[in-house]
Structures are given as C-alpha cells and as structure tokens.
Amino acid sequence: MRVYDNGTYRDMTAEEIASTQDTRTLEDVQSAHQAANCDALAVYLASHPLMWTDGELYSVTEADQQRMLMYFSTYSMGLREKLEWNSHTKKCREFTTEEFMQLCAAINNFVAPRVKKCQEYKERIFAAETIQDVEAITFDFENV
C-alpha cells in the first residue's frame with residue numbers, strides 16, 4: 001500500500017499496514033449493529049408520535065408505553081380515582097376506560113409492526129456471515 005507522507009508517496013511499512021487492519025470480530029460487529037437497530041427503532045418512535053382520533057398526537061416511546069401500563073394498572077386496582085393521560089403537547093385530560101383502551105390499542109397497532117421489523121433485522125444481523133454483510137443491513141421503520 002502507498003501513503004502520501006510529507007509531500008511524497010511511499011510504501012507503507014508492515015507495521016503501518018497491520019495497524020490499519022480491522023481487528024473487530026464478526027460477533028462484535030453483530031452486537032454493535034443490533035444495538036444500533038434497537039436505537040434506530042427508539043429514535044423513530046420518539047420522533048413519530050401517533051395522531052389519534054381526537055386529533056391529538058400521543059407519544060409512542062417504550063417509556064410512555066410502560067407508563068401507560070402502570071397508570072392503567074393502578075387505576076384498575078382502584079388506586080387512582082380518575083383515568084387521565086396527556087397528548088404530546090398538552091396536559092392530562094380524563095379518559096373513559098373504553099377511550100383509554102382504544103388509545104392503547106392504537107399505539108400497539110402502530111408500534112407492534114415496527115418491533116416485528118426490528119426483530120427481523122436482528123435475525124438478519126445474526127445470520128450474516130461476514131462483517132460486510134452485517135454493515136450492509138440498513139434500518140427503515142417508516143415503510144412498515
């Protein structure tokens with residue numbers, strides 16, 4: 001290999017060539033790419049709130065889904081008097097149980113296909129036989 005060094009081209013030394021070689025293992029690259037896959041889904045969900053039937057946007061992040069579950073659980077156990085939730089940009093408002101369940105179902109219908117797509121990417125990542133094959137896998141959660 002040749003390198004441009006101080007205004008002239010020269011052959012790289014064996015040590016320089018060795019230092020530029022990729023020392024990552026396939027398993028390391030697969031794990032890192034899978035983490036990127038999960039991160040890409042999280043970023044997508046955070047930046048794509050759901051427009052619901054009331055014309056409001058509702059966050060669909062994993063954290064918000066977990067909070068909804070906890071909130072509904074405490075309400076259904078009688079630990080809360082009102083069932084309230086907030087849209088993306090507004091304060092909480094009261095929901096009927098049916099309304100809240102419909103919102104939860106709408107969020108699930110939006111998120112579940114994207115989680116499935118994330119799992120499909122995961123299978124492809126860990127089935128790949130080379131680092132180049134892993135790195136060629138791109139993530140698209142818009143067209144699901």
Side-chain angles (χ1 to χ4, degrees), residues 1-6 9 12-144:
M1 272 187 179
R2 297 194 50 84
V3 63
Y4 189 74
D5 186 20
N6 292 325
Y9 285 96
M12 291 179 74
T13 65
E15 293 82 20
E16 289 173 322
I17 293 171
S19 71
T20 63
Q21 299 301 314
D22 192 348
T23 59
R24 301 173 299 164
T25 66
L26 176 59
E27 293 77 18
D28 290 342
V29 173
Q30 287 170 321
S31 294
H33 212 58
Q34 174 54 20
N37 177 25
C38 293
D39 289 347
L41 176 60
V43 166
Y44 180 85
L45 294 178
S47 62
H48 290 82
L50 173 73
M51 174 71 75
W52 195 47
T53 58
D54 64 0
E56 297 292 334
L57 294 171
Y58 290 87
S59 177
V60 296
T61 65
E62 182 178 2
D64 280 323
Q65 292 175 66
Q66 290 173 351
R67 280 194 290 276
M68 285 184 91
L69 176 61
M70 289 299 297
Y71 197 90
F72 186 75
S73 296
T74 57
Y75 171 77
S76 63
M77 293 185 317
L79 301 174
R80 293 184 184 274
E81 292 181 22
K82 295 179 182 177
L83 184 56
E84 297 179 314
W85 196 250
N86 62 289
S87 67
H88 194 57
T89 59
K90 294 189 178 172
K91 66 180 182 175
C92 287
R93 73 167 179 88
E94 193 167 350
F95 279 77
T96 65
T97 301
E98 181 180 341
E99 229 182 352
F100 194 81
M101 296 308 294
Q102 288 173 351
L103 174 58
C104 290
I107 290 171
N108 182 65
N109 290 342
F110 179 79
V111 172
R114 288 161 175 84
V115 170
K116 182 177 180 181
K117 190 68 170 175
C118 185
Q119 293 167 346
E120 290 170 4
Y121 290 137
K122 178 181 178 178
E123 278 189 336
R124 287 181 50 207
I125 290 166
F126 288 102
E129 295 182 2
T130 68
I131 289 174
Q132 294 78 16
D133 290 343
V134 172
E135 291 176 336
I137 298 169
T138 59
F139 313 119
D140 175 15
F141 296 105
E142 183 72 35
N143 299 303
V144 175

Tell me yes or no: between the side chains of Gln30 and Gln34, is some donor less than 3.5 Å from an acceptor?
-> no
For Cys118 and Leu41, the nearest pair of non-hydrogen atoms, with its separation, is CB-CD2, 3.9 Å
What pairs with Glu56 under side-chain hydrogen bond (donor to acceptor under 3.5 Å, both in side chains), at least two apart in sequence or on another chain?
-> Ser87, Lys90
Kindly give the heavy-atom pair with the smallest separation between Met68 and Trp85, and that separation in Å.
-> CG-CZ2, 3.2 Å
Exceeds 12 heavy-atom contacts within 6.0 angstrom, atom CD of Glu27 = yes
His48 and Tyr44 aromatic ring geometry - parallel, tilted or perpendicular at 30°/60° bounds | parallel
With respect to Leu50, which candidate in Ile107, Asn109, Leu57, Val111 satisfies the side-chain contact (heavy atoms from CB on, under 4.5 Å) definition?
-> Ile107
Start with the C-alpha gap between Leu45 and Phe141, add the side-chain angles, then the distance that decides, and say whether side chain to side chain contact (heavy atoms under 4.5 Å, CB included) holds.
-> CA-CA 9 Å; Leu45 294 178; Phe141 296 105; over 6 Å; no
Please say whether more than 12 non-hydrogen atoms of neighbouring residues, nucleotides or ligands are located less than 6.0 Å from CD in Glu62.
-> no
Nearest atoms (heavy-atom pairs only) where Trp52 meets Leu103 | CZ2-N, 3.5 Å
By side-chain contact (heavy atoms from CB on, under 4.5 Å) - contacts of Ile137 (at least two apart) = His33, Tyr121, Arg124, Ile125, Phe139
In Å, rounded to the nearest 0.5 Å, how long is the span from CG of Asn37 to NZ of Lys117?
-> 10.5 Å
Smallest separation among heavy atoms of Arg24 and Ile131, with atom names | O-CD1, 3.4 Å
With under 30° as parallel and over 60° as perpendicular, where do the rings of Phe100 and Tyr71 fit, or are they tilted in between?
-> tilted
How would you list, by chain and number, every residue that makes a salt bridge (Lys or Arg N to Asp or Glu O under 4.0 Å) with Asp54, sequence neighbours excluded?
-> Arg93
Got a sec, which residues hit salt bridge (Lys or Arg N to Asp or Glu O under 4.0 Å) with Glu94, two or more places apart in sequence or on another chain?
-> none
Shortest non-hydrogen pair, Glu129 vs Leu26, comes out as O-CD2, 3.6 Å
What's the spacing between Met51 CE and Tyr58 OH if we round to 0.5 Å?
-> 10.5 Å
After noting the C-alpha distance and the side-chain angles of Gln102 and Glu98, does the key distance pass the side chain to side chain donor-acceptor pair (under 3.5 Å) rule?
-> CA-CA 6 Å; Gln102 288 173 351; Glu98 181 180 341; 3.2 Å; yes
Asp140 to Asn143 - nearest heavy-atom pair and separation | OD2-ND2, 2.9 Å
Salt bridge (Lys or Arg N to Asp or Glu O under 4.0 Å) against Arg67, all qualifying residues, sequence neighbours excluded | Asp64
Output all residues satisfying salt bridge (Lys or Arg N to Asp or Glu O under 4.0 Å) with Arg80, sequence neighbours left out; order by chain, then residue number.
-> none
